[in-house]
Amino acid sequence: MNKGFNIFIFLRVTIGGFFVLVSVDTLMGPFQNFLYVVQAYEIFPDIVEKGVAFIVPWVEFFLGVFLVIGLWTRNALKGLLVLVTGLIGVVSSAIIRGLPLDDCGCFGELFSVSLKGTLLIDIALFVFVGLMLVNLAKTSLLSLDQYYQKTE
Amino acid sequence: MTLTKRTLTILIIAGGVALICGAKFIGKVLQGDDRQVVVQAGRKKGNPDADLKIIEYMDFQCGACAKGAIIINSYLKDNPDKISMEMNHFPLRFHKHGFLSSRYAECASRQGKFWPYHDLLIKRQRQWSKLLNPVPVFESFAKESGIYMDEFKMCLEDETVDARIVEIKAEGKARGVKATPTYFINGEMVVGVKSLIKELFEYFGKKHESEQDQPEEYHGNH
């Protein structure tokens, strides 16, 4: 076993923790706040917006939790890859359409990064999640998956 | 006894849902709906006994807030007896002139000129929101609103004005306000212009012409 510093475990816990923190903040606040964010992107039909605003924070939360503890790590990483790809698509589309999201106040004060800044963060997340998926064995060290693998 | 992977997964999901929902419920119960801040009469308009009560939290520099305010103004113009309106400051940190514009508006309210000043800030938002120094524009709005300038300038230096705005914003945060514009329509939280339009449409049963309105373009010298 590699006894030195393992960057992939660090990435797994940090990125998983990031998703948990962001989603808990969304889930604990009023639903309408996140619905406003979804509406601001003007990408989903009215009927879908509420569903997206309800489901996305829960998906982020559980993917984050599973990543931190290392349970179903491969599936959690695949899920995050899909989620982050979706976010990159949505943010890119907003930039291309010139939506005035930087100015609208829809994100409140917690996350006042510009759209281009948001896109860069999403791309970085995509790269890190991809790297963890490619190096799954190293990423799964000190995880529940490893524990179950040993006991099986 | 060792849990199987599947059982542990189910426990984590059930525990996570219970934890979040429980914490949210407890938070709501502890917080209650006690409003501590007494709203100054100057920031209220319409019929205080109206069935439709709108409490708004806004930032004068936010584009969506301007659109929402224009829409509410139009409904109020057509239905002055059916709406009670109350505006509350919620200047966002990253809007450079958000707090300053609130300070000017609050001082205008001390001379009973809040709404004329509010309307100028909103309608001509594009005139000042991108300026490095919007003070000359804010002063010209004050003159246009018929405000006594000496008293106004003294008020602008009064620290209690800033404290008041901070207090109002803190009260909004305690009610769950994060983004602007946020409305409480008969106590129900409504965030953003799209949801506002939907609520007003449901209440009045018709769309308003002003729903396409935008703040005025400005072609002046500022």
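In what follows, every chain begins at residue 1, and chains take the letters A, B, ... in the order their sequences are listed.
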Asks: Tell me which of these, B:D59, B:I13, B:V193, has more heavy-atom pairs under 4.5 Å with chain A than the rest.
Replies: B:I13

Asks: Are side-chain heavy atoms of B:L3 and A:Y148 found at a separation under 4.5 Å?
Replies: yes

Asks: Should B:K5 and A:W72 count as side-chain neighbours, where that means a heavy-atom distance under 4.5 Å?
Replies: yes

Asks: Please indicate whether A:R97 has more than 12 foreign heavy atoms, meaning atoms of other residues, nucleotides or ligands, lying under 6.0 Å from its CZ.
Replies: yes

Asks: Give, for atom OG1 of B:T9 and atom CG of A:L71, the distance between the pair rounded to the nearest 0.5 Å.
Replies: 4.5 Å

Asks: Would you mind reporting whether A:Q39 and B:S195 have side-chain heavy atoms less than 4.5 Å apart?
Replies: yes

Asks: Does B:K24 reach the main-chain N or O of A:G29 with its side chain, forming a donor-acceptor pair under 3.5 Å?
Replies: yes

Asks: Indicate yes or no: at least one non-hydrogen side-chain atom of A:I69 is less than 4.5 angstrom from one of B:I12.
Replies: yes

Asks: Check whether A:L27 gets within reach of chain B through its side chain, its backbone, both or neither, counting any heavy atom under 4.5 Å.
Replies: both

Asks: Output the distance between atom OG1 (A:T26) and atom CD1 (B:I20), rounded to the nearest 0.5 Å.
Replies: 10.0 Å

Asks: Less than 3.5 Å apart, which donor and acceptor atoms pair up between the side chains of residues 181-191 of chain B and the rest of the protein, not counting sequence neighbours?
Replies:
residue	atom	partner	partner atom	Å
B:T182	OG1	B:A179	O	2.7
B:N186	OD1	B:K53	N	2.8
B:N186	ND2	B:D51	O	3.2

Asks: Assess whether atom CD of B:E144 is packed by more than 12 heavy atoms of other residues, nucleotides or ligands within 6.0 Å.
Replies: yes

Asks: Residue by residue, which of residues 48-63 of chain A have a heavy atom closer than 4.5 Å to a heavy atom belonging to chain B?
Replies: A:E49, A:W58, A:F61, A:F62

Asks: Quick one: side chain to side chain contact (heavy atoms under 4.5 Å, CB included) partners of A:F10, sequence neighbours excluded?
Replies: A:F5, A:I7, A:T14

Asks: With a strict 4.5 Å heavy-atom criterion, list every residue of residues 76-93 of chain A that contacts chain B, or say none.
Replies: none

